[in-house]
Participant: 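Here's a structure for you.
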Amino acid sequence: MSRAEAAKADLPRADPARADPLKGDPLKAMSPGVVDFLFRQLVAGEPAEDVQWGREGVALSDQAPGAELARRLSETDVEALTPMELFHYVRAAQRLTLWAESLREAAVERYCSGAGPA
């Protein structure tokens, strides 16, 4: 083996799992909005998580299921959320889905029972 081949063999090889953003490198999976937010937070010396929205009103994680939560979720720019905010967004959407499903089940139960108008 020549010196060049030996030197080449010693070089670290690219990990194929890290080349795919869904399987490896989390930085490649971040949207430009998240990267921009994190950069602005770093420059300003602020924490990576957005704590301002928690001071301005009810957090998504505390919002009761209903029309207001549906409005807030529909108006949220998902691309601009940090990973932690995205986690809370998904949990809030799940709560809203369960709430809507319970309304549907109650209506189907009432319909199937043959109960007339109150």
Participant: So which atom in Leu60 and which in Ala92 form the shortest heavy-atom distance, rounded to 0.1 Å?
Facilitator: O-CB, 3.9 Å
Participant: Is the count of non-hydrogen atoms from other residues, nucleotides or ligands lying under 6.0 Å from Glu109 atom CD greater than 12?
Facilitator: no
Participant: Looking at every heavy atom in both Ala80 and Glu85, which two are closest together, and how far apart are they?
Facilitator: O-OE1, 4.3 Å
Participant: Kindly work out whether a path of hydrophobic side-chain contacts (I/L/V/M/F/W/Y, heavy atoms less than 4.5 Å apart) joins Val78 to Leu69.
Facilitator: yes
Participant: Please identify each residue that fulfils side-chain hydrogen bond (donor to acceptor under 3.5 Å, both in side chains) with Glu101, with sequence neighbours left out.
Facilitator: Arg104
Participant: Are Leu73 and Leu98 linked, directly or through intermediate hydrophobic residues, by side-chain heavy-atom contacts shorter than 4.5 Å (ILVMFWY only)?
Facilitator: no
Participant: Going from CD on Glu68 to CG on Leu96, what distance comes out if it is rounded to the nearest 0.5 angstrom?
Facilitator: 11.5 Å
Participant: Drop me the distance from Gln63's CD to Arg71's CZ, to the nearest 0.5 angstrom.
Facilitator: 8.0 Å
